[in-house]
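One structure is given below, encoded as C-alpha cells.
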Amino acid sequence: MIEATLTTKISAICPQTYPVVVPKGKKAPFVTYTRVSTPRLRSFEGPMGMAMPTFRVDVYALEFDEAKGIANRIRIALDGYRDAEISDCNLINEQDLSDLTSNADLTRINLEFKISHAE
C-alpha cells in the first residue's frame with residue numbers, strides 16, 4: 001500500500017506523520033499527507049493496472065527554517081524513489097505557505113508528488 005510506504009519514509013524524517021488530519025493536541029513540527037487525485041492508465045482494451053496518484057505532503061513547524069529543513073529532507077528521500085511497489089516518485093510542485101485555518105503562527109511547506117505504481 002502506497003500510504004504505508006509514505007508513512008515509513010516520512011516518519012523516518014519527522015516522527016509525527018499523519019494521513020490527512022493531525023490529531024488534536026499535537027505540537028509542531030508534524031507532517032500530513034493526502035491523496036489528491038488518482039488517475040488510472042487505460043488502453044483501448046481497458047484498465048492497464050497502473051495508477052498515478054498525486055499526494056500532497058504538508059510540513060508544519062513554528063519556524064520557517066525548521067519547516068524548510070524537514071521539507072528538503074522529505075524531498076530528497078522521495079523524489080526519484082523506487083522500490084518493488086513504486087515504479088517512480090516525482091516531485092511536481094513545492095510551495096511556501098502559512099496555516100491560516102487554525103494556527104496562523106505555523107509555517108507550512110507544501111510538496112506534491114506523483115507516484116506511479118501497479119495496482
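All figures in this text were calculated on a predicted structure; none of them were measured in a lab.
- The backbone N or O of A28 sits nowhere less than 3.5 Å from a side-chain atom of Q16 that would complete a donor-acceptor pair.
- Around CD of E3, the count of heavy atoms belonging to other residues, nucleotides or ligands within 6.0 Å exceeds 12.
- In the hydrophobic clustering of ILVMFWY residues, with side-chain heavy atoms under 4.5 Å counting as a link, V57 and V22 come out apart.
- When hydrophobic clusters are built by joining Ile, Leu, Val, Met, Phe, Trp and Tyr residues whose side-chain heavy atoms come closer than 4.5 Å, directly or via intermediates, I13 is grouped together with Y81.
- You'll find the side chain of P19 stays beyond 4.5 Å of the side chain of R35, heavy atoms only.
- Between D83 and I86 the shortest side-chain heavy-atom distance falls below 4.5 Å.
- In this structure, OG1 in T34 is found 9.5 Å from CG in N110, a value given to the nearest 0.5 Å.
- In this structure, the side chains of P39 and K114 come closer than 4.5 Å at one or more pairs of heavy atoms.
- Residues L106 and L62 meet the side-chain proximity criterion, which asks for heavy atoms closer than 4.5 Å.
- Using modelled atom types, no side-chain atom of E119 and backbone atom of A51 make a donor-acceptor pair closer than 3.5 Å.
- Between the side chain of D79 and the backbone N or O of L91 there is at least one donor-acceptor pair closer than 3.5 Å.
- Follow the hydrophobic side-chain contacts under 4.5 Å out from F30 and you never reach I10; the two are in separate clusters.
- Here the shortest heavy-atom pairing between R56 and D58 reads NE-OD2, 3.2 Å.
- Across all non-hydrogen atoms, the minimal contact from E63 to T107 is C-OG1, 4.0 Å.
- Shortest non-hydrogen contact noted between R82 and S87 is NE-O, 2.9 Å.
- In terms of modelled atom types and a separation under 3.5 Å, the side chain of E94 and the main chain of I109 share no donor-acceptor contact.
- In this structure, F55 has its ring center no closer than 6.0 Å to that of F113.
- If you take CD on Q95 and CZ on R108, they are separated by 8.0 Å, rounding to the nearest 0.5 Å.
- Among all heavy-atom pairs drawn from C14 and P29, the shortest one is SG-O, 3.9 Å.
- Side-chain heavy atoms closer than 4.5 Å link hydrophobic residues (I, L, V, M, F, W, Y) into clusters, and following such links, possibly through other members, connects I115 to L111.
- Under a 4.5 Å side-chain heavy-atom criterion applied to ILVMFWY residues, the cluster that includes L41 comprises M48, M50, M52 as well.
- Note on I2: it clusters hydrophobically with L78, by side-chain heavy-atom contacts below 4.5 Å among ILVMFWY residues.
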